[in-house]
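Some notes on the structure that comes next.
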Protein chains: 4
Amino acid sequence: MWGRRFDKLLIAIIMLSLLVIMADSVESLSARYGRWLHALEWAFTLLFTVEYVLRLSCVRHPWRYARSFYGVIDLLAVLPTWAALLFPEASLLLGVRALRLMRIFRVFKLTRLVGEYALLGRALRAAARKILVFLSIVLMIVVVMGTLMYVVEGPANGYTNIPVAVYWAITTLATVGFGDITPHTALGKFIASVMMLLGWGVLAVPTGIITLEMSAQQRDAQREVTPRTCQECSTVGHDADASYCKRCGAKLPAYQQDP
Amino acid sequence: MWGRRFDKLLIAIIMLSLLVIMADSVESLSARYGRWLHALEWAFTLLFTVEYVLRLSCVRHPWRYARSFYGVIDLLAVLPTWAALLFPEASLLLGVRALRLMRIFRVFKLTRLVGEYALLGRALRAAARKILVFLSIVLMIVVVMGTLMYVVEGPANGYTNIPVAVYWAITTLATVGFGDITPHTALGKFIASVMMLLGWGVLAVPTGIITLEMSAQQRDAQREVTPRTCQECSTVGHDADASYCKRCGAKLPAYQQDP
Amino acid sequence: MWGRRFDKLLIAIIMLSLLVIMADSVESLSARYGRWLHALEWAFTLLFTVEYVLRLSCVRHPWRYARSFYGVIDLLAVLPTWAALLFPEASLLLGVRALRLMRIFRVFKLTRLVGEYALLGRALRAAARKILVFLSIVLMIVVVMGTLMYVVEGPANGYTNIPVAVYWAITTLATVGFGDITPHTALGKFIASVMMLLGWGVLAVPTGIITLEMSAQQRDAQREVTPRTCQECSTVGHDADASYCKRCGAKLPAYQQDP
Amino acid sequence: MWGRRFDKLLIAIIMLSLLVIMADSVESLSARYGRWLHALEWAFTLLFTVEYVLRLSCVRHPWRYARSFYGVIDLLAVLPTWAALLFPEASLLLGVRALRLMRIFRVFKLTRLVGEYALLGRALRAAARKILVFLSIVLMIVVVMGTLMYVVEGPANGYTNIPVAVYWAITTLATVGFGDITPHTALGKFIASVMMLLGWGVLAVPTGIITLEMSAQQRDAQREVTPRTCQECSTVGHDADASYCKRCGAKLPAYQQDP
């Protein structure tokens with residue numbers, strides 16, 4: 001009960017601290033409310049530091065926690081602000097300012113608090129191998145297509161080198177299409193057209209992979225198989241509404257479903 | 001019969017009134033036909049006002065209707081035009097002009113008239129929780145990626161502050177890709193490429209969620225389970241072509257399918 | 001045999017005639033090969049005219065054919081070229097030049113020749129009603145969002161009137177994102193972001209609809225139900241490998257599958 | 001064991017050689033590290049040449065290998081660098097430079113090493129016919145829409161000729177939307193909007209096709225049918241947990257599942 005309430009409070013605090021970081025980057029806001037944002041930033045840093053220290057002292061294996069993913073994030077979330085206190089002159093450098101933005105990784109602490117992410121994560125992990133295979137194919141396509149466009153269009157039309165041409169091929173295949181680089185020659189436009197049309201069919205693949213993976217997981221969760229075992233032949237896997245063993249025909253024990 | 005014909009008339013009138021609002025915003029049209037558009041606008045407002053008053057006087061609980069979703073929309077659809085009559089000098093102010101455009105909410109009156117929306121709405125509502133979980137993950141990704149790009153590209157390349165960079169990350173992940181902001185540094189282009197490629201797999205998720213949800217709803221609707229009850233053991237849920245109870249083997253009563 | 005070969009020839013000729021039309025619109029090509037393209041154009045027109053006259057004289061109901069979809073297309077495919085012969089001075093006007101481009105509708109004659117289109121067409125037609133319902137919801141969303149953006153951004157930022165703002169909303173929701181109009185104010189960018197994120201979930205709907213519709217059609221085609229009728233109880237719908245009636249248990253007649 | 005380790009090494013070498021080709025095209029890198037990149041390029045060429053010669057001398061039918069897909073790729077991967085040695089003065093010409101970039105085809109050597117591509121390839125090949133039918137419909141739509149936009153917008157708004165207009169139609173339907181060409185007239189914007197809205201429904205088709213094709217392949221792989229044959233009636237295709245023949249009711253032999 002109190003644990004749950006504490007979690008909800010923590011989510012709210014993390015989100016507020018993210019808003020403060022974002023507001024601080026907007027010039028018009030930081031110019032006007034800079035003092036307030038600074039104060040809030042310190043309040044959050046103190047809070048998270050207390051949380052980090054408490055966690056470190058409460059868990060059974062402090063060192064293991066400190067090296068875990070969330071332990072590192074918890075540390076990264078407070079370190080930059082303290083560092084800015086110790087080396088105030090350094091906070092003017094761009095690199096250090098960037099370091100302070102690492103507080104954004106606090107956002108990942110939210111995943112620990114919402115149980116539902118586990119389900120989605122499992123589906124993605126199950127499909128991960130297939131998606132990686134698929135991505136490697138896409139990578140081959142964009143490398144070849146990018147090089148082709150680099151040869152056809154050339155640096156004069158914005159395809160300054162192969163990596164840039166590959167970046168263009170990715171934006172095109174992913175149907176993002178920024179338009180910062182576009183084919184100018186007739187042949188380039190033709191290749192781009194073929195790429196978009198054929199790419200389509202190929203790119204429906206990840207949707208198919210994930211739909212099937214989620215469907216499989218849902219089926220596993222829904223299939224109502226009782227934990228009953230036939231007392232004659234020890235067969236398991238009987239449907240919830242079965243009364244007789246599907247293997248030997250012996251009477252099954254009654255099944256009590258959870259209310 | 002008459003109710004259905006009245007509904008169709010109402011749909012046509014609402015659509016016409018929307019066209020008038022749109023035409024009024026086009027300068028070349030409002031300059032030439034402004035007088036006609038104004039007259040039509042008043043005719044529609046009178047019509048909808050009459051409809052609102054009639055509804056209010058016909059329903060059993062007028063107050064409940066007035067506070068309902070459709071009641072509020074019906075009121076919002078006519079109020080701004082009347083307000084412009086009472087305070088003609090105010091209609092020049094931008095804020096009030098915006099208020100008058102609230103007439104566009106008439107479009108939602110259509111949802112009341114087309115029964116099929118309910119079905120689609122149910123599928124979306126069933127999938128809403130999963131989609132919200134998914135959206136929260138996407139939000140985390142865009143916040144982190146946006147901040148990263150803000151650090152890498154900086155205000156000089158159009159990423160003026162974190163919210164703008166997050167807006168860019170959303171346009172990119174959603175494959176919209178306006179191209180008003182694009183990465184200029186090599187590292188920025190690399191991060192954007194990785195984001196598009198990996199984002200793909202993740203973004204196939206809502207399609208999977210909705211396809212499965214619709215599939216589940218369709219299955220429920222299609223599964224032909226007769227309302228017959230076994231007269232021996234009171235089991236329900238027999239297939240339409242079953243003759244014997246699947247639970248106790250007793251003869252089932254004959255099943256008459258609808259012609 | 002000869003009919004099939006004739007069809008393949010016709011497809012090739014139609015495609016060639018389309019290439020000629022396209023090449024004619026490219027200034028550099030029409031300047032150099034204008035004479036050849038003109039000659040080819042006349043050859044195709046003569047061929048299609050002969051085909052039209054032959055069809056008209058061969059079919060049982062010439063008038064019905066002349067008014068049918070393909071009859072009108074066949075006529076439209078040849079009329080503009082002949083018209084240019086009769087009124088040579090008119091061929092300089094833009095409108096008449098546009099009329100000549102109506103020959104592009106010849107492309108639809110291809111659908112008649114490829115049998116597989118029927119299958120795809122059936123799936124789309126079955127899903128048509130659901131897709132229309134979905135499209136009408138999308139239309140409501142873009143009308144409201146477009147008006148909102150027109151109020152928020154205003155003509156100064158490119159949203160010159162509501163129809164243009166609705167056009168922008170459609171490009172954004174459809175994830176096309178041309179980038180000719182983009183939000184400039186912070187509020188506008190925020191609304192656009194929400195629109196893209198929420199729009200996503202909604203826009204997975206047509207994919208779901210069509211996947212399910214195709215799945216249903218495939219299932220109907222695949223399910224192997226024999227046309228055998230039980231000679232005791234007249235039940236139909238037995239699986240191909242069933243030997244006994246699933247309803248009364250009587251022996252079924254042997255089933256001969258097509259080789 | 002050694003074969004597998006050798007494959008992994010080969011993958012790493014191919015990827016490195018691709019990185020060298022890419023880095024060579026970036027002016028700032030080739031200016032500074034040109035000498036090193038050149039040396040690496042020769043090292044890779046020697047390695048691949050040795051591999052090619054070894055393969056040619058080891059396989060039973062050298063000529064068949066040389067003419068096979070992978071044989072041609074292996075040759076193309078080394079030929080351009082050797083050609084540059086033989087005709088050094090030619091390497092300055094653009095055409096020869098393009099030829100040298102054919103080294104990029106080394107990427108396809110990866111497909112030979114990763115067995116999983118075969119699976120995905122089979123699903124795509126099974127769906128290929130349907131996707132081709134679909135693509136031909138899309139081609140018809142973009143040809144007609146492109147011509148329409150060429151007539152409506154004209155060369156003044158960027159639609160310089162029909163092929164360019166068709167290229168625009170493809171970018172729009174594929175939801176890439178570069179934004180290098182956009183409709184400027186009200187009618188053009190309206191046609192583009194209709195195209196995007198209707199195109200949506202149609203474009204969900206390849207996703208549906210591929211999802212179903214993958215689902216079918218997965219089902220075939222998952223369905224646990226034992227290789228047992230009924231010793232009375234020789235029926236095959238029994239479920240893994242069946243004890244009696246589903247056709248004649250005779251006892252089936254015990255089934256030993258693989259551990």
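The chains referred to below are lettered A, B, ... by the order of the sequence lines, with proteins before strands, and numbering in each begins at 1.
Among all heavy-atom pairs drawn from D/Ala204 and C/Thr207, the shortest one is CB-CA, 3.4 Å. The two residues D/Met196 and C/Tyr167 come nearest to each other via the heavy atoms CE-CE1, 4.2 Å. The shortest heavy-atom contact between D/Val205 and C/Met214 is O-SD, 4.2 Å.
Between the CD1 atom in C/Ile21 and the OG1 atom in D/Thr147 there is a gap of 7.5 Å [rounded to 0.5 Å]. Note that the OG1 atom of D/Thr211 and the CD1 atom of C/Ile210 stand 11.5 Å from one another [nearest 0.5 Å]. Here OG of C/Ser30 is found 9.5 Å from CG of D/Asn161. Values are rounded to the nearest 0.5 Å. If you take CG on C/Asp180 and CD1 on D/Ile181, they are separated by 12.0 Å, rounding to the nearest 0.5 Å.
For the pair D/Leu197/C/Leu139, a side-chain contact is recorded, criterion being any heavy-atom separation below 4.5 Å from C-beta on. Residues C/Ser25 and D/Pro163 form a side-chain contact, since some pair of their non-hydrogen atoms from C-beta on lies under 4.5 Å apart. You'll find the side chain of D/Thr172 reaches within 4.5 Å of the side chain of C/Phe178, heavy atoms only.
Within a 6.0 Å sphere centred on CZ of D/Arg64, other residues, nucleotides and ligands contribute 12 heavy atoms or fewer.
Of the listed residues (C/Leu173, C/Ile170, C/Val142), the one with the most heavy-atom contacts under 4.5 Å to chain D is C/Ile170.
Interface remark: D/Val176 contributes backbone atoms only to the contact with chain C (heavy atom separation under 4.5 Å). Heavy-atom distances place both the backbone and the side chain of C/Val26 under 4.5 Å from chain D. Heavy atoms of D/Val164 lying under 4.5 Å from chain C are absent altogether.
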